[in-house]
Amino acid sequence: MPSPPLSIIQSLSPRIAVLTSQDVIQSCEANGCRGLEELLRPWEGGTERVSILSTTLSPTIHPTFPVRFVSFESVYINPALSAPTPDVTVDLISSFVGAKKTDEEQHYAITRSLLLSSRPIAAHETFNHPVGILFAVSTATADPLGTLNRLHAQSTSSAIHNIPWMDGNTVLRFYVVVHDVSTMGDDMAPAHELLANVKKAYGPHSTLLVINSQVEQQSAPRSPDISTHPTIPLPRPFTPDESKSNPSALSQVYASALSSLTLSPMTAASESLNEEGISISNQPFSPSKPIRRKLYGTKLTAEDTQRLAALIRELVVQSLVPWMEARIREWNEIYHSNRRGLTGRLFGAGRKFFGSSRPNSPSPATTPTGYNTIKGYYPIIAVEALSRRLADFAFMLRDYKFAGGVYDSLRKDFAQDRAWRYSAGATEMYGLCLLLSHSYFLPSSPPSGLIKPFTNLQHTEITSWLEQSITLYQQNSPYTQIQLDALRITVLYYEAWKAINEFRSISYFLVKGSGEYDEVPSAVIIEEAAQADIKGISNNKKGRRRRAFHLVLAARRYETAGLKTYSRRCLERASQIYRDSPWTSAQDRIEYSLGRQAYTLGESDVAVEHFLRLLRREDTGVPGSQAGPLQDMAQAYEQLAARPELLAESSEKLRLPTPVFDIKKTRIIPTAEASTSGASRAKWVELESQAFSTWDRKGKKPMTLLSHERRIVVGVDETFQVELEATNPLNAPLALKDITIAFDDTAEINVETISEISLDPYETRTISISVVPLSSTTLKLTNVSFLFNRFFPCTQSLIRKGKRLHGTKAQRITPSYAEDSSLTIHVTSSRAGLYVELQGIPDILYKGEEVQGTLRLVNRGKLDISDIGMIWNEYGVIRRKQDDTKHQDTPTSILNIIPSNRINELYNGTISPEEEREISIICSAYRSGPIDLIGLILFSNTQDELTTTSATSVQHHISVRPLMRLSAHIRPTGNEVQEYMVVLEALNRSSRTVKIENIIGISPTWIVQPNAITNTLLPNQTLRTILLVKYDSLNKIDLLQSAMIEALGKLVKGQPPEEVSANLENEIPLVENTLSGEQSESYLISKRFARLDELSKSFPTLSSTKSPFSRLFPLIEPLNLDLQVNYSFISSPLPAESLDISNEKPEETRRKGQLYLNGLKLSPSFSLVEILRKEINLALISGNKSQRTMYEETSRLRQLLMNSILNGILSKEDDPIHVKINIDKSKKGKLINDFNKNGPIRVPVVFEISNLSPILPIKYLLNLPKPSSSSSASSSDDKLLPYPQYVGPLIYKGKLRPTSKEIVKVNIWSNEPCLVNLGGWELFIESSDPVSKEGSEDEEVWSPRNSWSRLGQQQILEVRQA
């Protein structure tokens, strides 16, 4: 049947003091025991099925009822012998736990046993106060009754009762007559006669004990195991057969009982105490009390063990339990009578005014019965002391409900008296009574029944009492002393909770009960809290995290207390939890502690393994925090390297947690070739596609120009590079030493070794290792080896294993992998090879700057090469320099086709093996920002009949900085119809001093007046200059761009873009071409960039089509003006480092370049697609069905294309009219007249109406305003001044041909000085379709196209009196 855990009921069981004569002690010593209490020790917990009456007089049979026998001296004469002091207890726990191996898992059991069994005799509780005294006298005593009288008198003497808070009178007295057969023989008549006299003198609580019946001499049994243990042995009395079959069994039973830290803590710990110099008594052990021997029970027979067990049962069942039941009934009446009185009803107030049990200042004539605040106890005559003993008796008899009620009332009274230790004791027992009142602990519960858990309310109430008691204990004890009372009650609660499998919030109270003391008991309890975390939290993640935290906390206390092995075990368990979690900071702290401990213990291999785990990449770590573990690892590895055998055994475990080299980014590259694989592979493939699309080379077109990602071919003695990407995974600087690589076949190759590189925290750097093959073979890259931070040898595999296959059932059952994709290079005997090196090109340029460099070509192969060409991903950035020695006429026309990126000739000669050529090139930067320049240098093998073409890849990075910001403002000059003034502003945005050499205008239709300015711009300085531009009316250029519009019309009508091509002229004439050959080439490249950018934004649906713009649109728009600003740098007095221009050499010639301002529109825009729009509208009106498409996406894209053509930039049309008003004889809007002499005057006003459109005729209607009075003008909000009095007609009409103007003359009548507003006129404009140049004005057919209207702005004329 269930019952409370044995650890609880044993530690809180009734205690019986044993007082015997010297003859009895000698009889016990014959069996290896120092007294009768030790002779009874194995059998004190074996009383079974004991019936106990509750306070309601209902009997309950309990499965066991243990008692505790102690010596009379340890209770009354020298209480220090009863239990060790708190400091000694802590030392004992530390000693016993430290003596056990960590894998034995005895730390908690030992701590529990010593904590519960070392409960001292205290005033605030009576569990260790003796309930009874057992008197024993031997029949061998000369005067047994006199001896018994002296023993009885000793127990009642005043010298014994020197403890005012312990009742030595109200105890059960039990008398035992001991008959030693070995001394007195087997005649029992004197023993029975003595027992009768004892009963006659002292009452019925007497019995006879026969011991030492073993008279025959037997061989000595083997020595028993006397090692200490925390268990509670419960042996049964022996039978004669058992005794004969195993002679040493009885000795082992006694050895186990006397070595138990629970039953005999002081006896078991005596040897340890003596070894440590700790004495529990001021007197040394006497011969009558020797140190335990290794043989026990040599004089006892099986019948003697049965008599001993019967003695204890008789004592418990017939004497102790009935006596305690009687005392409970007696004291209960006193308790209730005290509570029923006026004092009880009014509690504290009544006690203060009416009661006499707690006087603040007791009278000297009376004995104080209240709480002694000075000495801190209640006297035994106090009602509170009696009530506490009542509650403890009820608890020992397991009437938890009644005991809990008494504890509840006592805790309130104690708190009122500020008896905090008493209050803490009553509070802890009240909560424990509630906990043990669980139905599982009832004897009537079935053994295997389901455990009904506590409700949340019940659990909260019980835990609150525990927390309150722990707090009271810890607050009312010295800060420097560990509070064992809080630990004991925490353990008692924990044992009860474990029995009913209740783990909610248990770990919290275990940690709280352990306090803040860095001692072994606290560490053990916290480690037990970590065990409870897994069971008590439903959230596994939260439970694991809390468990790991408690393990770390326990490890810290273990380490402080000196138990480093236990500290290490806790850290290792916590580390196993943190390794699979994202809590990297905690993991690092644990690993570092483990590494330091292992290094201290001389386990250098384990220390290095822990330090290695700290070297993983942590982006959230404190910068530089990994430098310390790296240094500690170096010291540990130095110690490990001194032990070669241990180093060889641990080499497989010592691996970097984060690899240094990225396997996926490892490349094999022929010398001077850029890598054409990896993330930039798509760019190389696109460049290869551009080369094939414009292929015009001799010989057979190759299948590919790029080296295969997996098949790389080099020749014998041809150097190739292995490109490795090294990343520092640490947040501290790192040095890599002796970096080299290995292949599967290293017999005939030379591999470079890089001595050392340094990496900043998290820095990534590309490392190239040169390899020279010496014979034809196939090499497979296997690994890279290096010294990590100059001391730790590492070998990282570079083999790329295939992916796991899951396509078929067989592959899923049996692990199958794809083909190995490791890097392999094939070495051939003869091969055409070209080494290319880009020289003289700085890494940093300014926008528009042109620098001269060279392409160094070296034939590294075994065959002649020729027909060398090049193609780059950035059109025109690299071009071959023109031969300046040849005379070149300046052409009057310029290319008008958008050029495609194609293969350009680089060198047309032949280069023999080992020969080299240097080709002059020009590098131009046409846009700001970084430029990843990649190029293919193509060459042919002249000795091959098929003239096979191969290519070498080149890569270079350029950073282009902005130099100047150009802007322009355009306005008509008013002198001629198509004459404009362009105000050009240039802002120097660089840190260099720039000199503007000249500005050149480039256009097919506009004449720019030469402006050979020479100005210097300092940083952040702005230059403003004016250019005069005039329209060339004699040009014969198709301003309507008919070929382009015709092609766009085909697109609008549904023809696919791939099938449409405009019949564009290859060249377009320029009005004035002052560009040199290099300038002209530079202009075309810049114009191509600007034109493609404009077209891609305006026609997004065409940008995805293959080369649509070069087939549909011209490069130069006829009516646009482009400005070329030629500049050069002036040498700065500052050093090159301050200009932050890397790789910049001292200038022998000035660095120079060109900036362009493209696409200036001077004349009003007109729609190029207006006629096309009319055709589409007419087709829709006539009912022609549009072409249908199958897919919605295709229809949507076609609609977007139509909108971009018909409603985009090509359809923009501006008002072409410009109006200028001139007043004759006026100066700055002022006219002077002598009205007194000359009278009223007529003021002539001229309206100059100009048609700025170069192609559209217009009609206009000018409507002059009617005169207005000053009163009406002042009342109007929008008329600030009155309109003048015009003389003559107010409406004028006219018609203007393109680029023509007409003069309208009107007069104003003024008869007095005044201010008049010349604005307010209205102009209505209508345009027509373009005029044919061959037709005459009479043949024109007016076709309305667009219309505008405008209102004249206010223009003030002041008429003054002379």
Side-chain angles (χ1 to χ4, degrees), residues 889-899 972 976-980 982 1000-1010 1027-1049 1061-1075 1080 1083-1084 1087 1091 1110-1124 1158-1172 1210 1212-1214 1216 1250-1258 1295-1301 1327-1341 1343 1345:
D889 296 331
T890 303
T892 59
S893 300
I894 199 168
L895 183 68
N896 196 31
I897 302 296
I898 300 177
E976 297 184 14
V977 176
Q978 288 286 21
E979 188 177 68
Y980 294 90
V982 178
I1000 300 174
I1002 308 168
S1003 175
T1005 56
W1006 298 100
I1007 302 173
V1008 180
Q1009 179 180 342
L1027 302 175
L1028 294 179
V1029 182
K1030 184 177 181 181
Y1031 180 71
D1032 181 16
S1033 58
L1034 301 178
N1035 71 83
K1036 298 181 179 180
I1037 298 174
D1038 181 12
L1039 301 180
L1040 296 176
Q1041 304 184 52
S1042 304
M1044 180 188 72
I1045 299 302
E1046 181 182 358
L1048 294 178
S1061 178
N1063 187 18
L1064 301 175
E1065 296 290 339
N1066 290 335
E1067 294 183 348
I1068 187 170
L1070 299 179
V1071 177
E1072 293 179 350
N1073 188 3
T1074 60
L1075 300 175
S1080 178
Y1083 166 71
L1084 290 175
K1087 185 63 178 179
R1091 184 63 168 158
S1110 60
R1111 292 183 283 105
L1112 297 175
F1113 299 96
L1115 177 63
I1116 300 174
E1117 291 188 281
L1119 291 174
N1120 282 4
L1121 173 64
D1122 299 327
L1123 297 179
Q1124 182 187 69
N1158 293 300
L1160 295 180
K1161 298 183 182 295
L1162 283 72
S1163 61
S1165 300
F1166 59 91
S1167 176
L1168 296 174
V1169 295
E1170 187 64 26
I1171 298 177
L1172 180 60
L1210 299 179
K1212 184 180 179 182
E1213 193 158 306
D1214 299 330
S1250 303
N1251 182 6
L1252 302 182
S1253 175
I1255 196 170
L1256 300 180
I1258 62 100
K1295 186 176 181 181
L1296 294 175
R1297 294 181 62 83
T1299 66
S1300 63
K1301 66 179 179 180
S1327 64
S1328 175
D1329 287 335
V1331 180
S1332 174
K1333 290 188 177 182
E1334 289 77 10
S1336 62
E1337 185 175 354
D1338 297 336
E1339 297 174 349
E1340 291 181 11
V1341 177
S1343 177
R1345 179 184 179 96

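Nearest approach of V982 to L1162, heavy atoms of both residues: CG2-CD2, 4.4 Å. Heavy-atom minimum distance, D1329 versus L1256: C-CD2, 4.3 Å. The two atoms that bring P972 and L1252 nearest to each other are CG-CD1, 4.5 Å, heavy atoms only. Taking both residues in full, the closest heavy atoms of R1091 and P1114 are given as NE-O, 3.0 Å, listed atom of the first, atom of the second, then distance. Of all non-hydrogen atoms in P1254 and L1119, the two that sit nearest each other are CG-CD1, 3.7 Å. Summarising the geometry of P1216 relative to N1251, their closest heavy-atom pair is CB-OD1, 3.5 Å, with the distance given to 0.1 Å.
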message = Under the criterion side-chain contact (heavy atoms from CB on, under 4.5 Å), I'd like the reasoning laid out for V1029 against L1121: C-alpha separation, chi angles, the key distance, then a yes or no.
response = CA-CA 9 Å; V1029 182; L1121 173 64; 4.0 Å; yes

inquiry  = Set out, in order, the CA-CA distance, both residues' side-chain angles and the distance that settles side-chain contact (heavy atoms from CB on, under 4.5 Å) for K1295 and I1258, then state yes or no.
reply    = CA-CA 6 Å; K1295 186 176 181 181; I1258 62 100; over 6 Å; no

task = Applying side-chain contact (heavy atoms from CB on, under 4.5 Å), run through I894 and E1067 and close with a yes or a no.
result = CA-CA 5 Å; I894 199 168; E1067 294 183 348; over 6 Å; no

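Of the inter-residue distances, the one linking I898 atom CD1 with K1087 atom NZ reads 9.5 Å to the nearest 0.5 angstrom. Interatomic distance, CG of L1210 versus CG of L1048, reported as 6.5 Å (0.5 Å rounding). The line from CD of E1117 to CG of L1168 is 7.5 Å long, rounded to the nearest 0.5 Å. Atom OG of S1080 is separated from atom CD1 of I1002 by 8.0 Å, given to the nearest 0.5 angstrom. Note that the CD1 atom of I1116 and the OG1 atom of T1005 stand 10.5 Å from one another [nearest 0.5 Å]. To the nearest 0.5 Å, atom OH of residue Y1031 and atom OH of residue Y980 are 10.5 Å apart.
Under the 3.5 Å distance criterion, with hydrogens and angles disregarded, a donor-acceptor pair is assigned to the side chains of N1120 and K1161.
Contact check for L1123 versus L1027: side-chain heavy atoms found under the 4.5 Å cut-off. Residues L1064 and N896 fail the side-chain proximity criterion, which asks for heavy atoms closer than 4.5 Å. Looking only at side-chain heavy atoms (C-beta outward), D1214 and F1166 stay at 4.5 Å or farther from each other. Side-chain contact check for V1071 versus P1004: every heavy-atom pair is 4.5 Å or farther apart. Within the 4.5 Å cutoff, side-chain heavy atoms of Q978 are placed close to those of W1006.
We find that E1170 and R1345 are not joined by a salt bridge, their nearest charged nitrogen and carboxylate oxygen being 4.0 Å or further apart. The pair E976-K1301 does not meet the salt-bridge criterion, since no charged nitrogen lies less than 4.0 angstrom from a carboxylate oxygen.
Listed for the E1213 side chain is a donor-acceptor partner under 3.5 Å among the backbone atoms of S1167.
A side chain to side chain contact (heavy atoms under 4.5 Å, CB included) with I1068 is found for one member of D1038, L895, I1037, I897 and no other, namely I1037.
With a 6.0 Å radius and a threshold of 12 heavy atoms from other residues, nucleotides or ligands, K1030 has its NZ atom at or below the threshold.
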